[in-house]
> 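One structure, as structure tokens, below. Some questions next.
So that the names make sense, note that chain A is the first sequence line, chain B the second, and so on, each numbered from 1.
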Amino acid sequence: MSRTAANNLDAHAATQTAPDDTKLVRRTLDGQTDAFDELVERYQRRAVSVAHRLLGNLHDAMEVSQEAFVRAFRNLDSLENQNRFGSWLLRIVTNLSLNFRRDRAAGKRNVSLDESPMGEHGASEGRWTAWPGDEDFPGGDLAAEELREIVQNAISRLPEAQRTALVLFSLEQLPQKDVAGIMNCSVEAVKWHVFQARKSLRQTLAEYI
Amino acid sequence: MRPERFEQLVSDWLDQPQRADLREQIAAALRAHPELAKCKTEHEHLHDLLRDATASGAEAGVRWPRFRQETHARVREPRASTVPSDDSLRRATTIGEQVDWDRFRADVMASIGAESQPPRRIRFPRLMRFRLVASAAAAVVALFFLYPMAPTTPDSQQPPTPAERQGYARVSIGVSAPATSASAMTNVAHGTRATNPDTTRAAIARVTISVPPPSEASFDDADAPRVADSRADSRLVEVFLMVEPQRPADRGQGAMNPLTMN
């Protein structure tokens, strides 16, 4: 058997064993909450990634992502196309992230690190994250970390529409129609916002490109 | 191709690299404008930078099992503890005994009663009404009599009494030629006729003002020019009058009448 055929067979088998989103949503609506656990595992990284790029803060991103999953579960019966759970979830994540950002800008939200439990190493430990310095945490490259922070700050200073379009369409590579639906605008408008964001970042990050 | 249009083309291509039409348009633009190659390179570097920098290595340190476990726990929380029931909402919005309904009803009835009553009319006693009218009439009369008279025109001015030493001036004004020069006025003051051959029209004002002794005052010779006699107690006053030519529109209204002041 050729390598390509073997790969195709593995993919087919994976498809058969892993239920699609529609089945998981139906089982959740039937009362089987473990089906929703599988949806969480399937989309948690994507949700946190989107929120993190929009908010620039990992702790806030995880708070928002968890809230998005809870809201998705409670309003699952309102999902019209059960096969598009992922896009629907990311719309919730995007809206919550933008609201969170506005509230934070207005001073309504404070990120408190005092609530974090003390870890084994005598230092405060994140609720879901490992403390920098842990061998499992790729935080050894400070230069890369600084550059990441610079880039994230530059993205955070973009206008809301440009930032959202850039993160969802260009960085997260979501389908154009999904991004247009999340932003409630046309596909052309999404492309325009991405172009304007790139144009602005090209000047802001000129010394790094 | 304009640089901004080229940038937009590159931006679309970076998000959809599989599109051959975009790739061909970019290649054609670069053949026509090689200087745009730098712009394309910078956008490619920016695209890589954004993706790499925001790929978030920090997310690699996330304890996903704990995240999923906590999400699972929150999802299974009873909705009643977080979502208010209809009964609780109904109780929270019920006014209940917060309103003094008796007072409310009394205020409503008072407002209704006030609207149904006829409008109040202010009545003045008869004597007061008479006094008001009389006062207004007296004020009008006082204004009429006490208001200073307007400045009188020469026509209405009362002539001075003959006993007073005043100057008498007989002014005859006719429309013949404008008197536009001081010399003309001077001649007029001495009783001579002044004409300006350069003008087609001229108004000559013949003015003689003299102050003879009261005993010799006579008005019969007013037409004759008088010559100043310094030895006599008479004064000859030169009066320069600026006389403008009479406008045709004013003729209908009547030329100035000769003034005779007695």
> Do any of residues 199-209 of chain A come closer than 4.5 Å to chain B, heavy atom to heavy atom, and if so which ones, in number order?
Lys199(A), Leu201(A), Arg202(A), Leu205(A), Tyr208(A), Ile209(A)
> Using heavy atoms and a sub-4.5 Å threshold, report which of residues 6-31 of chain B line up against chain A, by residue number.
Glu7(B), Gln8(B), Ser11(B), Asp12(B), Leu14(B), Asp15(B), Gln16(B), Arg19(B)
> Do you know the tightest heavy-atom contact between Glu4(B) and Trp192(A)?
OE2-CH2, 4.5 Å
> Taking side-chain contact (heavy atoms from CB on, under 4.5 Å) as the definition, give me every residue that meets it alongside Asp48(B), ordered by chain and number, with sequence neighbours left out.
Asp52(B)
> Rounded to the nearest 0.5 Å, how far does CZ of Phe36(A) lie from OG1 of Thr71(B)?
8.5 Å
> Has Asn184(A) got more than 12 heavy atoms of other residues, nucleotides or ligands less than 6.0 Å from its CG?
no
> Let me know if Glu172(A) has heavy atoms under 4.5 Å from chain B in its side chain, its backbone, both or neither.
neither
> Provide the closest heavy-atom pair for Arg198(A) versus Leu46(B) in the form atom of the first, atom of the second, distance.
O-CD2, 3.5 Å
> Measuring heavy-atom distances to chain B, does Leu166(A) have an atom under 4.5 Å in its side chain, in its backbone, in both, or in neither?
side chain
> Counting only pairs under 3.5 Å, give me each side-chain donor-acceptor contact of residues 125-138 of chain B, with atom names and distances, residues two or more places apart or in other chains.
unit_1    : atom_1 : unit_2    : atom_2 : d
Arg129(B) : NE     : Phe124(B) : O      : 3.4
Ser135(B) : OG     : Arg131(B) : O      : 2.8

> Evaluate the side-chain proximity of Asp37(A) to Val75(B): yes if any heavy-atom separation is below 4.5 Å, no if none is.
no
> If you tally heavy-atom pairs under 4.5 Å against chain B, which of Lys191(A), Arg71(A), Gln44(A) wins?
Gln44(A)
> Just by distance, do the side chain of Arg51(B) and the backbone of Ser170(A) share a donor-acceptor pair under 3.5 Å?
yes
> With only heavy atoms counted, which part of Gln152(A) is less than 4.5 Å from chain B, the side chain, the backbone, both or neither?
side chain
> With a 4.5 Å limit on heavy-atom distance, are the side chains of Trp64(B) and Val48(A) in contact?
yes
> Chain B heavy atoms under 4.5 Å from Glu149(A): which part of the residue, side chain, backbone, both or neither?
neither
